[in-house]
J.: 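What follows is a structure written as structure tokens; I'll ask about it next.
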Amino acid sequence: MAEETQYTRKFRKELMAGLSSLVLLAVLARAGREMYGYEIAKAVKAEGEGGLIFKQGAIYPVLRSLNALGLLESRVEASAFGPPRRYYNITDEGRKALAEWQFAWRDMREFVDDALKAGIAPGGTGNEYRPTA
């Protein structure tokens with residue numbers, strides 16, 4: 001299989017900029033409890049069937065941003081092992097945003113799927129290129 005081009009890497013990065021917020025809110029909402037950053041990263045990886053589609057370090061700026069928007073609340077707690085941990089929990093406003101974003105995602109996904117289906121060349125499946133991770 002061919003290696004991803006710089007264009008594909010850029011495209012993935014731009015997609016993840018918005019989708020990471022949606023994924024992190026969903027993980028925290030589903031957990032139903034507060035979680036610290038590394039724990040959230042592990043949950044994201046587990047839900048993604050073993051493949052983390054964005055780097056663990058990229059999670060922290062997104063968590064801070066969601067916190068600043070009031071979609072998450074956080075608190076810091078001393079840790080017996082290592083530095084203090086910041087725990088995050090989704091707020092009521094975060095749950096509202098999650099519901100809106102889930103609808104927006106479904107709407108956008110359907111739109112993109114329809115556009116891609118319309119653009120498949122005759123005889124093609126649209127699945128000819130599958131890069132390896």
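All values derive from a computational prediction rather than experimental measurement.
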J.: How far does CD of Gln102 sit from CZ of Arg109, to the nearest 0.5 angstrom?
T.: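 Gln102 atom CD to Arg109 atom CZ measures 10.5 Å (nearest 0.5 Å).
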
J.: Verify, without hydrogens or angle tests, whether Thr91 (side chain) and Gly70 (backbone) share a donor-acceptor contact under 3.5 angstrom.
T.: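 Checked: pair present.
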
J.: Report the distance from atom CZ of Arg64 to atom OH of Tyr88, rounding to the nearest 0.5 Å.
T.: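 Going from the CZ atom of Arg64 to the OH atom of Tyr88 covers 6.5 Å.
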
J.: To the nearest 0.5 Å, what is the distance between CZ (Arg95) and CG (Leu28)?
T.: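 Arg95 atom CZ to Leu28 atom CG measures 9.0 Å (nearest 0.5 Å).
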
J.: Rounded to the nearest 0.5 Å, what's the gap from CG on Leu71 to CG on Asp92? Could you check?
T.: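 With rounding to 0.5 Å, CG (Leu71) is 11.5 Å from CG (Asp92).
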
J.: Kindly give the heavy-atom pair with the smallest separation between Ser21 and Trp101, and that separation in Å.
T.: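 Closest approach of Ser21 to Trp101, heavy atoms only: CB-CZ3, 3.6 Å.
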
J.: When rounded to the nearest 0.5 angstrom, what distance separates CD in Glu34 from CZ in Arg85?
T.: 11.5 Å

J.: Where do Tyr36 and Tyr87 come nearest, in terms of heavy atoms and distance?
T.: CD2-CE2, 3.6 Å

J.: What is the distance from atom CD1 of Ile40 to atom CG of Leu63, rounded to the nearest 0.5 Å?
T.: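 Here the interatomic distance stands at 4.5 Å.
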
J.: Return the minimal non-hydrogen interatomic distance between Ala97 and Leu25, and the atom names on each side.
T.: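 Result for this residue pair: CB-CD1, 4.5 Å.
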
J.: I'd like to check the side-chain hydrogen bond (donor to acceptor under 3.5 Å, both in side chains) partners of Arg33; sequence neighbours left out, ordered by chain and number.
T.: Glu39

J.: Please identify each residue that fulfils side-chain hydrogen bond (donor to acceptor under 3.5 Å, both in side chains) with Arg86, with sequence neighbours left out.
T.: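 Listed in chain order: Ser74.
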
J.: For the residue pair Ile90 and Leu72, what are the closest heavy atoms and their distance?
T.: CA-CD2, 3.7 Å

J.: For Ser79 versus Pro83, what's the shortest heavy-atom pair and its separation?
T.: CB-O, 3.2 Å

J.: Do Leu116 and Met108 share a hydrophobic cluster (ILVMFWY, side-chain heavy atoms under 4.5 Å, transitive)?
T.: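 Leu116 clusters together with Met108.
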
J.: Start with the C-alpha gap between Glu14 and Lys10, add the side-chain angles, then the distance that decides, and say whether salt bridge (charged side-chain N to carboxylate O under 4.0 Å, His left out) holds.
T.: CA-CA 6 Å; Glu14 290 171 355; Lys10 181 179 186 305; 2.2 Å; yes

